[in-house]
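These notes concern the structure reproduced below.
Each chain gets a letter, A, B and so on, in the order the sequences are listed, and its residues count up from 1.
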Amino acid sequence: MSLKLAEPVLNADFYARPVVDVARGLIGCTLMHRGTGGVIVETEAYHQSESACHAFRGPTPRARTLFAAPGTAYVYFSYGVHSLLNAVAEPDGVGAAVLIRALVPTHGINEMLQRRGRDRHRDLCSGPGKLTQALAIGLDLNESVLTGGPLAIHEPAADAARYEIVSTPRIGISNAVDLPWRFYAEGVEHVSRAR
DNA sequence: CATGGGATTGACT
DNA sequence: GTCAATCCCATGC
């Protein structure tokens with residue numbers, strides 16, 4: 001298996017756009033970390049202007065990363081159990097990011113199955129905490145660059161399937177529940193399931 | 001400094 | 001359907 005994908009890594013210009021556009025644009029792209037990865041099929045947008053975003057109260061120690069340069073990885077720890085991965089968007093100084101919520105596993109599947117301790121493909125990366133476990137993405141990668149580091153997101157292949165993108169309210173939040181800022185690829189089995 | 005909650009998941013009733 | 005796990009960090013005194 002090759003270590004690198006043929007498709008180019010998304011650059012800072014891709015991320016330096018309105019966060020909702022970036023969230024839609026990331027559907028179909030491939031997230032890779034050291035030989036493991038998959039195609040992004042579910043995302044959510046967060047922006048400092050709305051109260052569900054960690055950046056809503058300004059650049060606190062945790063939220064500081066959200067204000068970093070576009071294409072920075074924002075990784076934080078949730079429920080004392082899971083790391084969650086976001087891609088920082090919008091120009092430098094604006095607090096906004098896209099939460100990566102689900103992948104179709106494509107690379108290093110055996111390794112990911114081992115890390116997850118389960119044998120069902122469908123459960124490998126079908127949630128924000130699952131995919132970080134499968135790809136071994138931890139807090140050490142917070143503030144790392146997605147545009148030229150071990151963690152990277154690649155453009156879709158030219159012959160990749162074109163997904164129909166559906167938008168819904170975001171999952172698991174108690175503020176700004178009305179905004180339809182969750183995006184997923186319609187009909188894909190690896191999208192996170194409603195509880 | 002003490003306290004409370006959370007962009008979740010898996011196990012169990 | 002219900003609940004515990006488990007820790008970072010935001011908030012308030």
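- When each of A:Lys130, A:Met112, A:Arg116, A:Arg101 is checked for a side chain to side chain contact (heavy atoms under 4.5 Å, CB included) with A:Cys125, only A:Met112 meets the rule.
- For A:His82, the side-chain atoms get nearest to B:dT8 when compared with the rest of B:dT8, C:dA10, B:dA11.
- Checking B:dG6, B:dT9, C:dA10 against the side-chain heavy atoms of A:Arg57 singles out C:dA10 as nearest.
- One finds no side-chain N or O of A:Arg118 lying less than 4.0 angstrom from the OP1 or OP2 phosphate oxygen of B:dT9.
- Between A:Tyr76 and A:His54, a ring centre-to-centre spacing shorter than 6.0 Å is recorded.
- Residue A:Tyr79 has its side chain nearest to B:dG6 when only B:dG6, C:dA10, B:dA7 are considered.
- Note: OH (A:Tyr74) to C1' (C:dC9) measures 10 Å, nearest angstrom.
- Rounded to an integer number of Å, the gap from OH of A:Tyr46 to C1' of B:dG6 is 11 Å.
- Contacts of A:Arg193 with the nucleic acid, taken as non-hydrogen atoms under 4.0 Å apart, are absent.
- Here the P atom of nucleotide B:dG4 and the CZ atom of A:Phe77 are 21 Å apart, to the nearest Å.
- Distance NE2 (A:His54) to C1' (B:dG5): 11 Å, rounded to an integer number of Å.
- Ion pair A:Arg120/A:Glu189 not flagged as a salt bridge, since none of the NZ, NE, NH1 or NH2 atoms sits closer than 4.0 Å to an Asp/Glu carboxylate oxygen.
- With B:dA7, B:dG10, C:dC8 as the choices, the nucleotide that has an atom nearest any side-chain atom of A:Asn86 turns out to be B:dA7.
- Within the nucleic acid shown, A:Leu84 comes within 4.0 Å of sugar-phosphate atoms alone, with no base atom in reach, counting heavy atoms only.
- Note that A:Arg64 lies outside the cation-pi zone of A:Tyr74, set by a 6.0 Å cut-off to the ring centre and a 45° limit from the axis.
- A salt bridge does not link A:Arg17 with A:Glu90: every distance from a Lys NZ or Arg NE/NH1/NH2 to an Asp or Glu carboxylate oxygen is 4.0 Å or more.
- Looking at A:Glu42 and A:Ser192, their side chains do bring a donor and an acceptor atom within 3.5 Å of each other.
- Counting only Watson-Crick and G-U wobble pairs whose two distances sit under 3.5 Å, DNA chain B takes part in these stems of three or more pairs: B:1-6 with C:7-12, B:8-12 with C:1-5.
- For A:Val81, the side-chain atoms get nearest to C:dA5 when compared with the rest of C:dA5, B:dG10, B:dA7.
- Side chain A:Arg62 to base B:dG6: no donor-acceptor pair is found below 3.5 Å.
- Taking atom CZ of residue A:Arg64 and atom C1' of nucleotide C:dA10, one finds them 16 Å apart after rounding to whole Å.
- Side-chain polar atoms of A:Glu186 and A:Tyr184 form no donor-acceptor pair below 3.5 angstrom.
- The side chain of A:Ile171 has B:dT8 as its nearest neighbour among B:dG10, B:dT8, C:dA10.
- One atom, OH of A:Tyr76, and another, P of C:dA10, lie 12 Å apart when rounded to the nearest Å.
- For the pair A:Leu99 CG and B:dT8 C1', the interatomic distance rounds to 11 Å; values are reported in whole Å.
- Residues A:Ser126 and A:Arg122 approach most closely at OG-O, 2.9 Å, considering heavy atoms.
- Of the candidate nucleotides B:dT9, B:dG6, C:dA10, C:dA10 has the atom nearest to the side chain of A:Thr60.
- Rounded to a whole Å, the CG atom of A:Asp123 is 7 Å from the P atom of B:dG10.
- Of the side-chain N and O atoms in A:Arg195, none sit less than 4.0 angstrom from OP1 or OP2 of B:dA7.
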